[in-house]
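Letters A, B, ... mirror the listed sequences (proteins, then strands); counts begin at 1.
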2 protein chains.
Amino acid sequence: MRPQKIDDIKLLEGLMTTFRTKGYNGASLNDLANSSGLQKASLYHRFPGGKKDIGLAVLNFIEVWKEQNIVAVINNKDLKPDERLSTILKNISSIYENGECSCVMKAMSMGDGLELFGDELKFGAGIWLKTLTQLGLDFGFEQKIAEGKAMQTLVKIQGSLIVSKNLNNTQPFTMALNEIELLYTNI
Amino acid sequence: MRPQKIDDIKLLEGLMTTFRTKGYNGASLNDLANSSGLQKASLYHRFPGGKKDIGLAVLNFIEVWKEQNIVAVINNKDLKPDERLSTILKNISSIYENGECSCVMKAMSMGDGLELFGDELKFGAGIWLKTLTQLGLDFGFEQKIAEGKAMQTLVKIQGSLIVSKNLNNTQPFTMALNEIELLYTNI
DNA sequence: GTCTATAGCTAGATAGAC
DNA sequence: GTCTATCTAGCTATAGAC
């Protein structure tokens, strides 16, 4: 067994960055090879199913990130709800580089992506909503209210990333994070 | 002068649909030709600059739509602010087919699109914000408040379209339109 | 496990008949 | 103004050396 040149995490981070920047169709295998530090043919060794497999691996990588940085935080009953909220907002800001980079949910849902990854995208969105609803319940809101706030939170994140990208200004994203905080802490 | 097989409006509607569905990179010239009713070479006759020109024409087509269906409505002082609001929400719901179709702002900002159309996308977003801010002022809100509500409105539209697309369910979009109404009419 | 080289195809774009 | 036919460059994917 010859050693891997690039470890899985570095590899997936590079691939994720390219998909986020260029979208699923816009990212060519040459782009993916360049950003990952491997050659095209080596990518096929790591991901035998080709481009679709790479996309799935990146989506799965994001689910793992979410599990560790969102779900686990919200389920950590050792922290008060407002501490959990500020932690996940910090983590969200970090993964999106303060609003400077696009969401994979958007990047992977254009072109062939929606067709190829429809189930995974639906699942991923469901995790967001289910987890955020739990946070609302822990804040003391009723089920329906908590569900509404969860949806508003997800919509604010996705929408503000697009508007930030189009205006070439991160202010909408930082504004949205502040509004999300008020959504749960304002009476 | 030989007559046009397809008039400009039908042509641009078909092209817009394909870009919205597949994204800028995902839409091939064959796709664009099929959806417009013309052959590839005929598209080059109508748009000598090729794919980029088609993209610009579609973005311009949307600006014209916005001018007629958003800007003109909000500037129509014969209507009360709440009448103007409900009219533009109806128009927004209509252009996005009740949330079933993606926003061009998102579709055109992925891949090469952001680079090619960065200025146009920024301009288009600016029109939304400027116009919606005027609506807020006419409702009697202060400048800063009106600007915040305009941003929230744009973010809700964009974000809810993505979430609707990913969940394969138009509920987030219709929910967002209701929330936008409350944003202006709730005290 | 990674690489160079290349196959087979489709992309965007053009030439020229009608 | 629209079409068929075609060009070249780039794409995804594979073969086979190391």
Side-chain angles (χ1 to χ4, degrees), chain A residues 1-59 61 107-108 110-117, chain B residues 1-59 61 107-108 110-117:
Chain A
M1 295 285 259
R2 192 168 157 181
Q4 287 185 339
K5 183 178 168 188
I6 309 281
D7 69 64
D8 282 356
I9 290 176
K10 287 271 175 222
L11 181 58
L12 286 165
E13 282 174 349
L15 297 169
M16 179 178 69
T17 298
T18 300
F19 276 131
R20 285 215 285 203
T21 311
K22 306 208 165 195
Y24 181 73
N25 289 16
S28 74
L29 282 175
N30 277 320
D31 294 332
L32 293 167
N34 289 336
S35 67
S36 69
L38 289 177
Q39 294 299 321
K40 265 191 291 187
S42 304
L43 283 179
Y44 279 89
H45 178 80
R46 299 280 198 105
F47 307 98
K51 192 175 181 180
K52 182 189 171 175
D53 257 23
I54 300 177
L56 282 172
V58 166
L59 287 175
F61 182 64
M108 296 304 252
M110 290 309 304
D112 302 330
L114 188 63
E115 200 171 315
L116 289 172
F117 311 124
Chain B
M1 295 285 260
R2 192 168 155 180
Q4 287 186 338
K5 182 178 169 188
I6 310 280
D7 69 66
D8 282 356
I9 291 177
K10 287 273 175 218
L11 181 58
L12 286 165
E13 281 175 351
L15 297 168
M16 178 176 71
T17 299
T18 300
F19 276 131
R20 285 213 286 202
T21 312
K22 306 209 164 194
Y24 181 72
N25 289 12
S28 73
L29 281 175
N30 278 318
D31 294 331
L32 293 167
N34 289 336
S35 66
S36 69
L38 290 176
Q39 294 300 318
K40 263 194 289 188
S42 304
L43 283 179
Y44 278 89
H45 177 80
R46 300 280 198 104
F47 307 99
K51 193 174 180 180
K52 182 189 172 178
D53 257 22
I54 300 177
L56 283 173
V58 166
L59 287 174
F61 182 64
M108 297 303 254
M110 289 310 303
D112 302 329
L114 188 63
E115 198 170 316
L116 290 172
F117 311 124

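The pair Asp53(A)-Arg46(A) does not meet the salt-bridge criterion, since no charged nitrogen lies less than 4.0 angstrom from a carboxylate oxygen.
Here the C1' atom of nucleotide dA11(C) and the CG atom of Asp31(B) are 11 Å apart, to the nearest Å. Nucleotide dG12(C) holds its P atom 12 Å from the CG atom of Leu116(B), rounded to whole Å. Atom P of nucleotide dA13(C) and atom CG of Asp112(B) are separated by 11 Å, given to the nearest angstrom. For the pair Phe47(A) CZ and dT2(C) P, the computed distance is 11 Å after rounding to whole Å. Taking atom CG of Leu38(B) as the reference point, atom P of dT4(D) lies 11 Å away to the nearest angstrom. To the nearest angstrom, P of dG12(C) lies 7 Å from CG of Leu32(B). For Asn34(A) and dG10(D), the CG to C1' distance is 14 Å, given to the nearest whole Å. When the C1' atom of dT14(C) is taken as reference, atom CG of Leu43(B) falls 14 Å away, rounded to whole Å.
Residue Gln4(B) places no side-chain N or O under 4.0 Å from the OP1 or OP2 atom of dT2(D).
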Produce the list of close N/O pairs, under 3.5 Å, pairing protein atoms with atoms of nucleotides 12-14 of chain D; give distances to one decimal.
{"from": "dT12(D)", "atom 1": "OP1", "to": "Lys51(A)", "atom 2": "NZ", "distance (Å)": "3.0"}
{"from": "dT12(D)", "atom 1": "OP2", "to": "Leu29(A)", "atom 2": "N", "distance (Å)": "2.5"}
{"from": "dA13(D)", "atom 1": "OP2", "to": "Tyr44(A)", "atom 2": "OH", "distance (Å)": "2.8"}
{"from": "dA13(D)", "atom 1": "OP2", "to": "Lys51(A)", "atom 2": "N", "distance (Å)": "3.1"}
{"from": "dA13(D)", "atom 1": "O5'", "to": "Tyr44(A)", "atom 2": "OH", "distance (Å)": "3.1"}
{"from": "dA13(D)", "atom 1": "N6", "to": "Lys40(A)", "atom 2": "NZ", "distance (Å)": "3.4"}

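In this structure, Lys22(B) places its NZ atom where only 12 or fewer heavy-atom neighbours from other residues, nucleotides or ligands lie under 6.0 Å away.
Residue Gly50(B) comes nearest to Tyr44(B) through the heavy atom pair CA-CE2, 3.4 Å, listed as atom of the first residue, atom of the second, then distance.
A donor-acceptor pair is defined here as one N or O able to donate and one able to accept, closer than 3.5 Å; no such pair exists between the side chain of Ser36(A) and the backbone of Gly14(A). Not one N or O on the side chain of Asn25(B) forms a donor-acceptor pair closer than 3.5 Å with the backbone of Gly23(A).
Between Tyr24(A) and Phe117(A), the ring planes lie perpendicular to each other; the angle is over 60°, past the 30° to 60° tilted range.
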